[in-house]
Engineer: 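Handing you this structure, nothing more for now.
All residue numbers refer to positions in the sequence shown, counting from 1. Small disclaimer: the values here were computed from a predicted structure and weren't measured.
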Amino acid sequence: MNQENGVSMLEFPQRGDERGHLVIVEGAQDIPFDIKRIFYIFGSDADVVRGRHANLRSEFVLINVAGKSKVRVKDGRGNEAVFALNRPHTGIYLPSMVWKEMYDFSEDSVLLVLASEHYDPDEYIRDYEDFARIINGEK
Ligand code: TYD
């Protein structure tokens, strides 16, 4: 699934020392787009499923800067993959037009999201069947 639709795990440079950890994330360098928006999700219970959408334009990188979560990605053609976000120096790159669901949040999870676009509700596809129809060229 990775190679087909561009979903990939990213590893960020670390410059920790005896004072603690330091992870560097540079726009357009470590992230394959210019960052226009940052948001973060915390306090989601373990049984919550977030996301459940695809985006016409936005690309994202998700980083669990604390705690853990999982991301399920679907391509609309019947393929899906699950990625574990559990290290502060790794992230997942999600291109536009993939279906994503974030779930299995640990109590201490802080999920940082970097986005390539400003928020525009009109570029969110929140119905899976609509997404699959677009992917499969049915509308
Ligand atoms: P939502 O997209 O459902 O979050 P998630 O995909 O992480 O579960 O967003 C929740 C609410 O916040 C929804 O009313 C839209 C709003 N929102 C913004 O106004 N700006 C943003 O950048 C984001 C991500 C959400």
Side-chain angles (χ1 to χ4, degrees):
M1 178 158 193
N2 281 14
Q3 283 154 4
E4 275 172 35
N5 61 16
V7 174
S8 58
M9 295 299 296
L10 305 175
E11 189 142 337
F12 306 116
Q14 301 185 76
R15 295 282 179 276
D17 55 30
E18 66 284 353
R19 297 167 299 165
H21 298 282
L22 190 154
V23 177
I24 303 146
V25 181
E26 298 229 26
Q29 241 167 267
D30 303 303
I31 303 294
F33 51 77
D34 283 325
I35 300 158
K36 286 205 186 134
R37 176 165 57 117
I38 293 173
F39 56 96
Y40 35 96
I41 293 166
F42 56 96
S44 288
D45 287 340
D47 58 355
V48 161
V49 181
R50 302 199 59 118
R52 282 184 162 146
H53 47 58
N55 292 74
L56 289 169
R57 290 195 312 280
S58 285
E59 304 164 60
F60 298 96
V61 169
L62 279 55
I63 307 166
N64 252 111
V65 293
K68 302 176 187 181
S69 70
K70 291 188 182 126
V71 191
R72 177 176 290 109
V73 185
K74 300 184 187 183
D75 70 356
R77 298 188 175 91
N79 302 306
E80 66 176 69
V82 171
F83 298 86
L85 298 177
N86 52 19
R87 293 181 301 163
H89 66 284
T90 63
I92 184 170
Y93 169 66
L94 302 174
S96 60
M97 289 309 278
V98 295
W99 188 264
K100 49 208 169 293
E101 299 173 356
M102 296 84 87
Y103 65 104
D104 221 1
F105 296 94
S106 63
E107 211 174 323
D108 59 346
S109 172
V110 181
L111 180 59
L112 177 68
V113 182
L114 315 177
S116 67
E117 309 296 330
H118 294 295
Y119 184 66
D120 173 6
D122 292 341
E123 63 108 19
Y124 278 69
I125 306 166
R126 293 186 178 270
D127 181 277
Y128 185 80
E129 297 308 321
D130 285 348
F131 166 65
R133 274 195 288 273
I134 294 169
I135 285 288
N136 294 293
E138 289 165 28
K139 89 178 186 189

Engineer: Tell me whether Leu111 shares a hydrophobic cluster with Leu114, the cluster being built from Ile, Leu, Val, Met, Phe, Trp, Tyr side chains joined at under 4.5 Å.
Structural biologist: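 No, separate clusters.
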
Engineer: Grouping I, L, V, M, F, W and Y whenever their side-chain heavy atoms are under 4.5 Å apart, do Val98 and Leu10 come out in a common cluster?
Structural biologist: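 Shared cluster, no.
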
Engineer: Could you give me the CA-CA distance, side-chain angles and deciding distance for Leu62 and Met102, then say whether side chain to side chain contact (heavy atoms under 4.5 Å, CB included) is met?
Structural biologist: CA-CA 10 Å; Leu62 279 55; Met102 296 84 87; 3.9 Å; yes

Engineer: Decide if atom CZ of Phe42 counts as having more than 12 heavy atoms of other residues, nucleotides or ligands within a radius under 6.0 Å.
Structural biologist: no

Engineer: Tell me whether the count of non-hydrogen atoms from other residues, nucleotides or ligands lying under 6.0 Å of CD in Gln14 goes above 12.
Structural biologist: yes

Engineer: Does one hydrophobic cluster hold both Met9 and Phe60, with members joined at side-chain heavy-atom distances below 4.5 Å?
Structural biologist: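 Per the 4.5 Å side-chain linkage, Met9 and Phe60 are co-clustered.
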
Engineer: CD1/Ile63 to OG/Ser69 distance, rounded to the nearest 0.5 angstrom?
Structural biologist: 11.5 Å

Engineer: Taking all atoms of both residues into account, what is the closest heavy-atom pair of Phe105 and Asp45, and its distance?
Structural biologist: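 In this case the closest contact between Phe105 and Asp45 is CD1-O, 4.0 Å.
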
Engineer: Looking only at non-hydrogen atoms, find the nearest pair between Ser58 and Glu123 and report the distance.
Structural biologist: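 That closest heavy-atom pairing would be OG-OE2, 2.5 Å.
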
Engineer: For residues Ser96 and Asn55, report the shortest heavy-atom separation together with the two atoms involved.
Structural biologist: CB-O, 3.4 Å

Engineer: Can you name the one residue among Val23, Val25, Asp30 that meets side-chain contact (heavy atoms from CB on, under 4.5 Å) with Pro13?
Structural biologist: Asp30

Engineer: Side chains of Val7 and Pro95: does their closest heavy-atom pair fall under 4.5 Å?
Structural biologist: yes

Engineer: Is the ring pair Trp99/Tyr128 parallel, tilted or perpendicular, if the boundaries are 30 and 60 degrees?
Structural biologist: perpendicular

Engineer: Mind checking whether Ile31 and Ile24 sit in one hydrophobic cluster, side chains of I, L, V, M, F, W, Y counted as touching below 4.5 Å?
Structural biologist: no

Engineer: Quick one: pull up CD1 in Ile92 and NZ in Lys70 and give me the separation to the nearest 0.5 Å.
Structural biologist: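 Here the rounded value is 13.0 Å.
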
Engineer: What's the separation between atom CD in Glu59 and atom NZ in Lys36, rounded to the nearest 0.5 Å?
Structural biologist: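 Between Glu59 CD and Lys36 NZ, I get 10.0 Å after rounding to 0.5 Å.
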
Engineer: Hydrophobic clusters here meaning ILVMFWY residues chained together by side-chain heavy-atom distances under 4.5 Å, can you tell me if Val61 and Val65 are in one?
Structural biologist: yes

Engineer: Output yes when Lys68 and Asp108 qualify as a salt bridge under the 4.0 Å nitrogen-oxygen rule, no when they do not.
Structural biologist: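 Salt bridge: no.
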
Engineer: Give, for atom OG of Ser8 and atom CG of Leu94, the distance between the pair rounded to the nearest 0.5 Å.
Structural biologist: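 The OG atom of Ser8 sits 8.5 Å away from the CG atom of Leu94.
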
Engineer: Tell me whether the rings of His53 and Tyr124 are parallel (<30°), tilted (30 to 60°) or perpendicular (>60°).
Structural biologist: perpendicular

Engineer: Salt bridge check, Glu101 against Arg72: does any charged N sit closer than 4.0 Å to a carboxylate O?
Structural biologist: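 Between Glu101 and Arg72 there is a salt bridge, with a charged N closer than 4.0 Å to a carboxylate O.
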
Engineer: Taking the side chain as every heavy atom from C-beta outward, state whether Tyr103 and Val82 have any atom pair closer than 4.5 Å.
Structural biologist: yes

Engineer: Is there a side-chain contact between Arg57 and Asp120 (heavy atoms, below 4.5 Å)?
Structural biologist: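 When only atoms from C-beta onward are counted, Asp120 and Arg57 do touch, with a gap below 4.5 Å.
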
Engineer: Are more than 12 heavy atoms, taken from residues, nucleotides or ligands other than Tyr40, located less than 6.0 Å from that residue's OH atom?
Structural biologist: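 No, not enclosed.
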
Engineer: Out of curiosity, His89 NE2 to Leu22 CG, how far, rounded to the nearest 0.5 Å?
Structural biologist: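 The NE2 atom of His89 sits 13.0 Å away from the CG atom of Leu22.
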
Engineer: Just so I know, are the side chains of Leu56 and Ile125 near enough to count as touching, which here means a heavy-atom distance under 4.5 Å?
Structural biologist: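 Heavy-atom side-chain distance check passes, below 4.5 Å.
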
Engineer: Taking all non-hydrogen atoms of both residues, which atom of Gly6 and which atom of Tyr93 are closest, and how far apart?
Structural biologist: O-CD2, 3.3 Å

Engineer: Which heavy-atom pair separates Phe12 from Gly91 by the least distance, and what is that distance?
Structural biologist: CE1-N, 3.7 Å

Engineer: Just do the side chain to side chain contact (heavy atoms under 4.5 Å, CB included) check on Asp75 and Ile135 with the steps written out, would you?
Structural biologist: CA-CA 8 Å; Asp75 70 356; Ile135 285 288; over 6 Å; no

Engineer: Taking atom types as modelled, is there a side-chain donor on Ser109 or Asn64 under 3.5 Å from an acceptor on the other?
Structural biologist: yes

Engineer: Could you pull out the closest heavy-atom pair between Gly76 and Asn136, with the gap in Å?
Structural biologist: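 Between these two residues, the closest heavy atoms are O-ND2, 3.0 Å.
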
Engineer: Please lay out, stage by stage, how Arg126 and Arg52 fare under the test side chain to side chain contact (heavy atoms under 4.5 Å, CB included).
Structural biologist: CA-CA 6 Å; Arg126 293 186 178 270; Arg52 282 184 162 146; over 6 Å; no

Engineer: Less than 4.5 Å apart, any side-chain heavy atom of Arg50 and any of Ile41?
Structural biologist: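 Of all side-chain heavy-atom pairs linking Ile41 with Arg50, at least one is under 4.5 Å.
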
